[in-house]
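The structure under discussion appears below in the form of structure tokens.
The first residue of the sequence shown is numbered 1, and numbering continues consecutively from there.
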Amino acid sequence: MKKKSNQHLTKLCKRKCDEIEILIFYSMLLQRVSLGLSPQEVSFLMGKPLDFMSKIESFKIKTILAIDYYIFCRVLNVSSTNSIMLPGMDINLQKHTYELEVTTLNDRVVYLLSRLDVEEGQRIIEFKLIDARHDIDPYEDATKLTVEKINNLITAEINEGYFSVDRSPSEIHKRCCEKLDKYIQPKNLMKILEDLLNRSDELKLIRKESKYGFVYLSKSYAG
């Protein structure tokens, strides 16, 4: 049965917090969307479980730790100060109830955040962002070639001892971009690293948790 072209799925999430918290939330969502990254890719670069950003964006994680926001800004190369507040902004410390509506369409995801004003009985729109459908790849053939190049590069790096010490996901991603002389989507690197975790030969990598997130190490040097 053919799917309707106008099918969509909408989820609603609510939380009560002050304005600075929602500004941090908005900053993180805006930076991710503007860079064309999925929540899973950002989580990966941060060395976090892959559902970390999804939990933040659905309000399941209500408190964003300063260290996590710092890591987020560092791996995405953004300014933590300029990305939150503009000079002269008057921040309201009163807590408000916010409602996030996430609508998944055929070709995009729409984020609509509203502030619920109980006293006035109004719903005030704070922002609307449109994201890509990261589960859809319009360039499958090109992606296969890129994945093959990344696989060959990572294999060579293992053999040359690059993974003889702990390597963070963002560090590995940066090296791959430099070696291949092009930007690669983190999701393509994620696939290669995941496959290497499941190997049983000398190319096997292990993933372990460090003080600041997951790191990768060659099994041969794990002790």
Side-chain angles (χ1 to χ4, degrees), residues 7-78 80 83-85 91-118 123-136 168-170 173 185-187 189-191 193-194 197 207-215:
Q7 283 185 337
H8 67 271
L9 174 66
T10 299
K11 295 188 299 183
L12 290 176
C13 313
K14 284 186 179 182
R15 70 167 296 188
K16 189 171 185 178
C17 62
D18 56 36
E19 192 173 8
I20 187 62
E21 291 178 280
I22 217 66
L23 282 172
I24 293 173
F25 169 83
Y26 171 69
S27 169
M28 296 179 76
L29 181 59
L30 178 62
Q31 292 295 343
R32 178 184 70 72
V33 169
S34 64
L35 292 174
L37 298 172
S38 68
Q40 291 77 18
E41 288 177 297
V42 175
S43 300
F44 163 75
L45 291 175
M46 293 178 67
K48 297 288 187 178
L50 294 184
D51 63 351
F52 178 74
M53 282 302 298
S54 294
K55 287 182 176 179
I56 285 180
E57 293 180 9
S58 61
F59 296 155
K60 291 181 180 178
I61 295 179
K62 298 186 182 301
T63 301
I64 301 172
L65 300 178
I67 183 61
D68 288 335
Y69 186 65
Y70 167 78
I71 293 172
F72 172 90
C73 293
R74 179 174 58 81
V75 301
L76 296 189
N77 296 315
V78 298
S80 59
S83 59
I84 299 180
M85 295 175 57
I91 300 299
N92 188 343
L93 298 179
Q94 180 182 352
K95 290 189 179 294
H96 298 280
T97 298
Y98 293 90
E99 182 176 86
L100 180 68
E101 181 180 293
V102 183
T103 302
T104 302
L105 302 171
N106 290 330
D107 60 347
R108 71 197 72 181
V109 179
V110 180
Y111 294 86
L112 180 65
L113 184 82
S114 301
R115 174 164 53 88
L116 307 182
D117 191 324
V118 179
R123 182 187 301 271
I124 302 168
I125 295 178
E126 295 286 335
F127 67 77
K128 180 179 182 179
L129 289 176
I130 299 177
D131 193 14
R133 280 282 301 271
H134 296 286
D135 57 327
I136 299 175
S168 69
S170 60
H173 179 253
Q185 286 294 129
K187 63 183 178 183
L189 173 60
M190 290 163 58
K191 174 177 171 52
L193 294 178
E194 192 64 33
L197 293 176
R207 181 171 56 207
K208 64 179 187 178
E209 190 167 3
S210 72
K211 183 178 179 181
Y212 298 110
F214 290 111
V215 293

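Within the model, atoms CG of Leu50 and CD of Glu41 stand 10.0 Å from one another, a figure rounded to the nearest 0.5 Å. Note that OG of Ser43 and CD1 of Ile56 are 7.5 Å apart. Values are rounded to the nearest 0.5 Å. Taking CG of Asp117 as the reference point, atom CZ of Arg123 lies at 11.5 Å (rounded to 0.5 Å). Rounded to the nearest 0.5 angstrom, Leu112 CG and Leu100 CG are separated by 8.0 Å. Atoms CD and OG1, on Glu101 and Thr10 in that order, are 5.5 Å from each other to the nearest 0.5 Å. Here Ile61 contributes atom CD1 and Arg15 contributes atom CZ; the two are 10.5 Å apart, rounded to the nearest 0.5 Å.
Applying the side-chain hydrogen bond (donor to acceptor under 3.5 Å, both in side chains) test to Asp135 and every residue at least two apart in sequence or in another chain returns Arg133. The ring-ring contact (aromatic ring centres under 6.0 Å, His included) check on Phe59 picks up Phe25, with sequence neighbours excluded. With sequence neighbours left out, Lys208 forms a salt bridge (charged side-chain N to carboxylate O under 4.0 Å, His left out) with Asp166. Val75 is linked by a side-chain contact (heavy atoms from CB on, under 4.5 Å) to Leu45, Met46, Ile71, Ser170, counting only residues two or more places apart in sequence or in another chain. For Phe52, the ring-ring contact (aromatic ring centres under 6.0 Å, His included) criterion is met by no residue, not counting sequence neighbours.
More than 12 heavy atoms of other residues, nucleotides or ligands shown are found within 6.0 angstrom of NZ on Lys95. Remark: Ile136 CD1 is packed, more than 12 non-hydrogen atoms of other residues, nucleotides or ligands lying under 6.0 Å away. In the displayed structure, Phe214 atom CZ is contacted under 6.0 Å by more than 12 heavy atoms of other residues, nucleotides or ligands.
When all heavy atoms are compared, the tightest approach of Ser54 to Ser58 is O-OG, 2.8 Å. Taking all atoms of both residues into account, the shortest heavy-atom contact from Tyr98 to Cys17 is CE1-O, 3.5 Å. Residues Ile64 and Met28 come closest through the heavy atom pair CD1-SD, 3.7 Å. Closest of all the heavy-atom pairs between Pro39 and Met53 is O-CB, 3.4 Å.
Proximity of a side-chain donor or acceptor of His134 to a complementary backbone N or O of Leu37 within less than 3.5 Å is detected.
Ring geometry for Tyr69 versus Phe72: interplanar angle under 30°, hence parallel rather than tilted (30 to 60°).
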(request) Given side-chain contact (heavy atoms from CB on, under 4.5 Å), test Leu193 with Phe44 step by step and report yes or no. (result) CA-CA 11 Å; Leu193 294 178; Phe44 163 75; 3.7 Å; yes
(message) Set out, in order, the CA-CA distance, both residues' side-chain angles and the distance that settles side-chain contact (heavy atoms from CB on, under 4.5 Å) for His96 and Ile22, then state yes or no.
(response) CA-CA 10 Å; His96 298 280; Ile22 217 66; over 6 Å; no
(message) Is there a salt bridge (charged side-chain N to carboxylate O under 4.0 Å, His left out) between Glu194 and Lys187? Walk through the geometry before answering.
(response) CA-CA 10 Å; Glu194 192 64 33; Lys187 63 183 178 183; over 6 Å; no
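Proximity of Leu116 to Lys14: side-chain heavy atoms (C-beta onward) are separated by under 4.5 Å at one or more points. For the pair Leu29/Phe127, a side-chain contact is recorded, criterion being any heavy-atom separation below 4.5 Å from C-beta on. Proximity of Val110 to Leu105: side-chain heavy atoms (C-beta onward) are separated by under 4.5 Å at one or more points.
Screening residues 56-76 for salt bridge (charged side-chain N to carboxylate O under 4.0 Å, His left out), with sequence neighbours left out, gives Arg32-Glu57, Lys48-Asp68.
In summary, Arg115 and Glu19 do not engage in a salt bridge, as defined by a charged side-chain N under 4.0 Å from a carboxylate O.
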